[in-house]
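As C-alpha cells, the structure follows; a few thoughts come after it.
In what follows, chains carry the letters A, B, and so on, assigned in the order in which the sequence lines appear, proteins first and then strands, with residues in each chain numbered from 1.
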Amino acid sequence: MAEKTEKYDHKSIESRWQAEWETGGAFRTTEGHGDKYYVLEMFPYPSGKIHMGHVRNYSIGDVLARFLMMKGKNVLHPMGWDSFGLPAENAAIQHGIPPAKWTHENIANMRTQLKRMGLSYDWSREVATCTPEYYKWNQWLFLRLFEKGLAYKKRSSVNWCPECATVLANEQVEDGECWRCGSVVEMKELDQWFFKITAYADELLEHTNKLPGWPERVLTMQRNWIGKSVGAEVDFKLEGSDEAIKIFTTRPDTIFGVTFMSLAPSHPFVEKITTPERKKEVAEFAAKVKAEAKASRPGADEAEKEGVFTGAYCLNPLTGERVPVYAANFVLMEYGTGAVMAVPAHDQRDFEFAKKYGLPIKVVINPAGVELDPLKMEAAFVDSGVMVNSGKFDGLPSDGAKDAIIDSLEEQGKGKRSITYRLRDWGISRQRYWGCPIPVIYCDKCGTVPVPDANLPVILPENVNLTGKGLSPLAGADDFVNTVCPRCGNKARRETDTMDTFVDSSWYFLRYTSPRNETLPFGKDEAGYWMPVDQYIGGIEHAVMHLLYARFFTKALRDLGLHEIDEPFRNLLTQGMVCKEITKCPEHGYLYPEEAAGGKCSICSKPVSVGPVEKMSKSKKNVIDPDRIIKEYGADTTRLFSLFAAPPEKDLDWNEEGVEGSYRFLGRVWRLVVENLDLISGAKAWQGGSLEGSSRELHGATHRTIKKVTQDIEERQHFNTAISSIMELVNASYQFMPTLNGKGAGSVEARVFKEAAEAVVLLIAPFAPHISEELWSRLGSNVPVYKMKWPEWIEDALKLDEIEIPVQVNGKVRGRVRVAPGASEAAVKEVVLSDAKVKEFVEGKEIKKFVYVTDKIVNMVVA
RNA sequence: GCGAGAGUGGCGGAAUUGGCAGACGCGCCAGACUUAGGAUCUGGUGGGCAACCGUGGGGGUUCAACUCCCCCCUCUCGCACCA
C-alpha cells in the first residue's frame, strides 16, 4: 500500500467501456425466447440537447434493464425519437434551417449524449417518427381506423391563434392565450379529422381498475378526464310546439322540483324560442357570454351565475307544470345536451340562480327526519334523503327513486336511461408542416378517397415554404397537393393537414418489437412475445394525454386484429421533477449557476440571493447542463447521484455537493478494489464454512446487502436506499481492512474480503456500469459484468449468534441485553431482570406487565 | 370547492408489517498522514448542563405510534360551473 494508488479516472474508463459495448453489440436483444421483460422510457422530442429530466428518466430505466439482464431475463430496452413537432418548424422560420436537417442533427447530437451516459439500449431498434419508414405505418393505421369508422371528418370548433394562423391543441392554450405568441385564442369552425376515442370510453374507464401497477393518482386523473355520468335524458315539451328540449340529468329523483330550465346561450333553441320582445336582450347576453368564454372561463364557483329569460315555457313531463326557459352562462353547450333542468332546492348553481332572479324553490327531498323550508334554506340540499312533493314517489328513499322515475319516464316515452362522458373525440388535424401527412385525397366526383395502401407512404415534401402565416404550409406545395383520384383518375387534391404528433407516440412501443418490419406496422408474433411493456417510465405531465391515447390505440389495434393485448403498460413509474434553487441578482435578475460563482453576480459583483428550490427551467436559469456534469464527474457519478438523491417518484433537489459525494463514493469503491487487487484476485472465493468475529460480521454484512439491494430494486424501486446500503457495505469493508494486515491471499480474512469486494462491484453495476466493468475486468474476469449472474444471498449468512435487544421500562430504553435468536420469553426475562442498568429502574417496584417481541424488543410496565 | 399526495436534524432523505426516530449522503467539528491540502483515512455531529424533550398542531387507541383513529393547520399537484 506504500506506492501511490492509481487514481479513479472516469474519463478513460467510461470511453473504453462505451467503445467496448458499441463494437461488441452488447445490448442487442436476442429474439423471442425465454422469460421476457420490456423496459421502456418515454422517448424524447429531439430538441437538441438532453436535460436533467432525461438523465433521471433514463438512469431509472437503465438500472432496471441492467438488473433484469443480470437476473437472467430477456430484456427489451429500446430508444427512439418523437421527432415530428412544431419546434422544428420554428427553427426553420427563425433560422432558415430545414426542419428535417434540424431534427436529424439534433437526433445525432442527442444520441451521442445518450451513449455517453452508458445506457444499455439496443440501438439496432432505434426509430424516429419523422422518417417515412415509420410514418408510413402511421398512415396505414389511419386508413385501418378510417375503414372501421374510427377515423372521421367533421366540422368543429377549434382553438385558433390569429397571430400564428394555426390551430392549437387544447394543451397548447394557456389561460386562453397562445403558448407561443401570447395572442388571445379564438374559436374557429374548421373541417377536422377525429379519432373516435369515445367508442372506447367505457373500456378505457373500466380497465383503470385492472392496472394495479399504475400510480393511483394517474388512474384518478384518467377517470376524471373520461368523466362518466350515469343518468337520464328527459324531454321537456315546449309549450305551444311539438318540439321538446332534451336535457341530461344525473338526478332524475329531483325532477318534481324543477322550477325553471337553463339553456346554454349558444343552444340552437335559444334563437328559435325566444319571444320577439326579448330577442334583443337574449342576443346581447349570448354575445357577452361568448366574449367571456374567449378570454378563458373564469374559474368555477366564484363566478357569478347569470342568465336571461327567453319568454318561452316548457312543460314538466311528470307534473305538467309550466316551467320558464332561461339562457344561463353556466350551462355548457359541449357537455350533455346543452340544456339543464333547474332544481334550485337540490343543486347549488340553480339555487344561486333562483335566489338572484327570484325564481321559486321547491323541495322534493328531505334529509332523514328533517323538513326543509325553502324560505330558510341558505344552500341547496344536494345529498340523498326522502322524497316529498313527488306524487306517487313520496316517501321513497331518493336513491332508489331514481330508477323508478326513469322507468316511469320510459313507459310514457318521455325519457330514457343515458350515459354521458366528458371525454371528447380526439381531433388530430393540425395545420402544420412538420408532421405525418393524412393519407386522404379529395376528388370532386368521388369525394373523400383514402390513399391506397400500395401508394403509402404519402411522403412529406421537403421543398416547402415555411412562413408561419396562412393556412397549412402544405396547401402551398402544389406538387404535393395536386394529384389524381385513385378511384376515377381525374384531377384531385390531397389533404394538407398533418396528424397530431400524439398519434406517432401512441403506438411506437409496438413498433419497437419489430422495428424493421416492412409489411406491417409490427409483427403479431413479436408483439405477442414482448407486449405489454412491463415497466414504463416517464414524467407525470403525460398522465392523461399520451397515456390515454396510447391505451386507446392499443385497444383499437387489438380490435383490428393486429395483436391481442388489452393494455400497453403493465407497470407505470412517474418520476418526479428535477429541481434546483434559483439564484437572483438584485440588478440582473435570474442568474445561471455559472454566473453566480462565489455568491456574486458575474456581471456586477453584487451579492446574489439564493431562492427557493424550483423545477429546473430555462426561464428561471436554474438549469444544470448534464454534459458539463458528465465531463467533470463522469456518467457513473451523474447517474448515481440522480438515483441516490431521492426515490424516483419524488422531486429531486439537485446540488453539486451531493454530486461530489457520489463521486467520492465511487473513488472509495475504486480504492477498495485497486489497493487490494493482488489480495482479492489471489484469494479463492469463500465457499462457506464456519466463521468467527469480524470475518463473520463482514460475511453477514455482504449477504444482508445483497438481499437489501435486490429487494429494493425489485420490489420497491427505491434506488436511493439500495445505494445507501452498498455504501454501508463499502464502509464495513474499509473497517475490515486493518485485519487483513499481514494476512495472505489464502487466509479466511482475504477470502471473506474478496466476497465483499466482488459483491460491491456487481451490486453497483446497474447504477454505475463503467466503473463496475473496469474493476471487474481488473479482478481477472473475462466475462463482462452485464453478462454476470446477479449475486444471490445465503440465508444462513444472515443469521446472528446473538441479538441485541433494547429493554424499555415504561416505554423508555433503559438498557440492552444480548440473547440468542428465538429465545423464549422466560429466558429473556431472566437475562433482563439480572441486568444492572435495568435493575436501577425496576428495583423495588412492581412489574405489572412484561412484553417481549421475539428478537425485537422488551417493554416492561412498572409502578 | 372536489380529488390525490406530502409535512421528520442546518440540508437531501431513512425507518418496507405498530417495536431502539434520524440509516446513507451533504454540510459542520476534531484528529491522523502530509511541504501543503479544497486529496485521503479515523472519530464526532437532533435539542438541552441535566432530569428530560423531540417526526406540522391538538386529542385518542396501545405495553409501545413518524406509522392506526378523530379534529385542525400548511404546502404541492390534478380537476374545477360536467347538469
Side-chain angles (χ1 to χ4, degrees), chain A residues 5 7 215-225 227-229 231 247-251 254 262 264 297-305 328-332 334-343 347-350 352-353 420-422 540-541 543-544 576-577 579 581 613 640-641 644-647 649-662 664-665 667-668 671 708 711-712 715-716 718 720-728 730-731 734-735 737-738 804-814 816 848-862:
Chain A
T5 310
K7 255 193 91 179
E216 197 53 43
R217 63 179 183 137
V218 174
L219 295 173
T220 305
M221 282 163 75
Q222 293 215 348
R223 289 182 195 124
N224 289 342
W225 188 264
K228 182 179 182 174
S229 297
I247 62 100
F248 173 76
T249 181
T250 56
R251 294 296 303 273
T254 63
S262 306
R297 207 179 286 284
D301 308 327
E302 56 280 13
E304 183 83 11
K305 311 281 179 280
N329 66 344
F330 61 89
V331 181
L332 308 172
E334 312 87 75
Y335 185 80
T337 61
V340 187
M341 66 178 206
V343 186
D347 181 283
Q348 186 57 29
R349 291 158 304 182
D350 297 341
E352 288 170 29
F353 195 90
T420 298
Y421 297 92
R422 205 184 80 110
I540 187 75
E541 66 273 20
V544 174
M577 295 181 299
C579 304
E581 79 278 347
V613 173
L640 191 73
F641 176 73
F644 177 64
E649 68 278 7
K650 288 187 68 172
D651 286 352
L652 185 155
D653 195 356
W654 191 273
N655 78 313
E656 200 106 350
E657 287 84 16
V659 177
E660 278 170 20
S662 292
R664 266 202 296 271
F665 168 66
R668 233 164 120 74
R671 287 186 300 276
K708 168 89 175 143
Q711 292 182 340
D712 276 353
E715 292 164 20
R716 300 203 304 163
H718 277 199
N720 54 332
T721 51
I723 292 166
S724 77
S725 66
I726 301 173
M727 288 172 169
E728 287 180 85
V730 169
N731 291 345
Y734 269 80
Q735 299 291 324
M737 271 161 65
E804 191 181 73
I805 304 289
V807 180
Q808 297 182 332
V809 178
N810 293 339
K812 281 174 186 146
V813 180
R814 299 301 193 186
R816 288 162 196 286
K848 300 212 159 164
K849 196 163 193 169
F850 186 95
V851 182
Y852 176 53
V853 182
T854 308
D855 298 348
K856 285 264 167 74
I857 201 164
V858 167
N859 192 12
M860 282 182 279
V861 184
V862 304

Does a side-chain N or O from A:Arg223 land closer than 4.0 Å to OP1 or OP2 of B:C2, or not?
no

Measure CZ/A:Arg349 against P/B:G1 and give the value in whole Å, please.
17 Å

Selected nucleotide, minimal atom distance to A:Asn859 side chain, candidates B:G13, B:G19, B:U42:
B:G19

Between A:Ser229 and B:A83, is there a contact of a side-chain N or O with OP1 or OP2 at under 4.0 Å?
yes

Using atom C1' of each nucleotide, how far apart are B:C75 and B:A36 to the nearest Å?
48 Å

Would you say that A:Gln808 contacts A:Arg814 through its side chain, given a criterion of any heavy-atom pair below 4.5 Å between the two side chains?
no

Is A:Asn224 side chain donor-acceptor paired with the B:C79 base, going by distance under 3.5 Å alone?
no

Do A:Lys848 and B:C63 have a side chain to base donor-acceptor pair shorter than 3.5 Å?
no

Look at all strands and tell whether A:Arg422 reaches a base, only sugar-phosphate, or nothing, counting heavy atoms closer than 4.0 Å.
base

Using the C1' atom as the point on both nucleotides, what is the distance between B:C24 and B:A15, in whole Å?
12 Å

Given salt bridge (Lys or Arg N to Asp or Glu O under 4.0 Å), test A:Arg664 with A:Glu657 step by step and report yes or no.
CA-CA 10 Å; A:Arg664 266 202 296 271; A:Glu657 287 84 16; over 6 Å; no

Syn/anti state of B:G9 by chi, 90° boundary around 0
syn

More 5' along RNA chain B: A:Lys812 or A:Thr249, using each one's nearest nucleotide?
A:Lys812

Of the listed nucleotides B:U16, B:G12, B:C82, the one nearest the side chain of A:Lys708
B:U16

Of the non-hydrogen atoms in A:Phe330 and A:Ser262, which two are nearest, and what is the gap between them?
CZ-OG, 4.2 Å

Between CG of A:Leu332 and P of B:C81 the distance, given in whole Å, is 7 Å

Do A:Arg668's NZ or CZ and the ring of A:Tyr734 fall within the cation-pi criteria of under 6.0 Å and 45°?
yes

To the nearest 0.5 angstrom, please state how far the CG atom of A:Leu640 sits from the CG atom of A:Asn720.
11.0 Å

Whichever of A:Tyr335 and A:Lys849 has the more 5' nearest nucleotide on RNA chain B, that residue is A:Lys849

Within the distance-only criterion (no hydrogens, no angle test), does the side chain of A:Asn859 pair as donor or acceptor with the backbone N or O of A:Val851 below 3.5 angstrom?
no

Figure out the CG/P separation between A:Asp712 and B:G13, and round it to whole Å.
17 Å

Using the P atom on both, measure B:A64 against B:G19 and round to a whole Å.
14 Å

Reckon A:Pro215 touches a base, only the sugar-phosphate, or nothing at all at heavy-atom distances under 4.0 Å?
nothing

Annotated protein contacts, base or backbone, on nucleotides 20-26 of chain B with a non-hydrogen cut-off under 4.0 Å, one of B, S, - each:
B--BBSS

Under 6.0 Å between ring centres, would you say that holds for A:Phe665 and A:Phe644?
no

Starting at atom CG of A:Leu219, determine the distance to atom P of B:G3, rounded to an integer number of angstrom.
18 Å

In short, A:Arg716 meets A:Thr721 closest at the heavy-atom pair NH2-OG1, 3.2 Å

Is any side-chain nitrogen or oxygen of A:Arg716 closer than 4.0 Å to OP1 or OP2 of B:A14?
no

So what does A:Tyr734 touch, heavy atoms closer than 4.0 Å: a base, only the sugar-phosphate, or nothing?
sugar-phosphate

Minimal heavy-atom distance between A:Ser229 and A:Thr250, with the atoms involved, is CB-CG2, 3.8 Å

Applying a 4.0 Å non-hydrogen cut-off, can you work out what A:Val851 is touching in the nucleic acid: base, sugar-phosphate, or nothing?
base

Under 4.0 Å, counting only non-hydrogen atoms across every strand here, what does A:Asp651 touch: a base, just sugar-phosphate, or nothing?
sugar-phosphate

I want to check one thing: is the phosphate of B:G43, taken as OP1 and OP2, less than 4.0 Å away from some side-chain N or O of A:Gln735?
yes

OP1 or OP2 of B:A39 versus the side-chain N and O atoms of A:Arg671: is any pair under 4.0 Å?
no

Does atom CZ of A:Arg217 have more than 12 heavy-atom neighbours, drawn from other residues, nucleotides or ligands, at distances under 6.0 Å?
no

Nearest-Å distance for atom pair CD1/C1', residues A:Ile247 and B:A83:
8 Å

Could you tell me the separation between the CD atom of A:Glu541 and the P atom of B:U76, rounded to a whole number of Å?
19 Å

To the nearest Å, how far apart are A:Glu649 CD and B:G5 P?
13 Å

Pairwise side-chain contact, A:Ser662 with A:Val659, heavy-atom cut-off 4.5 Å (strictly under)
no

Taking the P atom in each of B:G3 and B:C70, what is the distance between them to the nearest angstrom?
14 Å

Spacing between A:Glu581 atom CD and B:G12 atom P, to the nearest angstrom:
11 Å

Secondary-structure string, 5' to 3', Watson-Crick or G-U under 3.5 Å, | for another-strand partners, for RNA chain B
(((((((..(((......[....)))((((((.......))))))((....))..(((((..]....))))))))))))....

Which atoms form the tightest heavy-atom contact between A:Val218 and A:Ile540, and what is the distance?
CG2-CD1, 3.7 Å

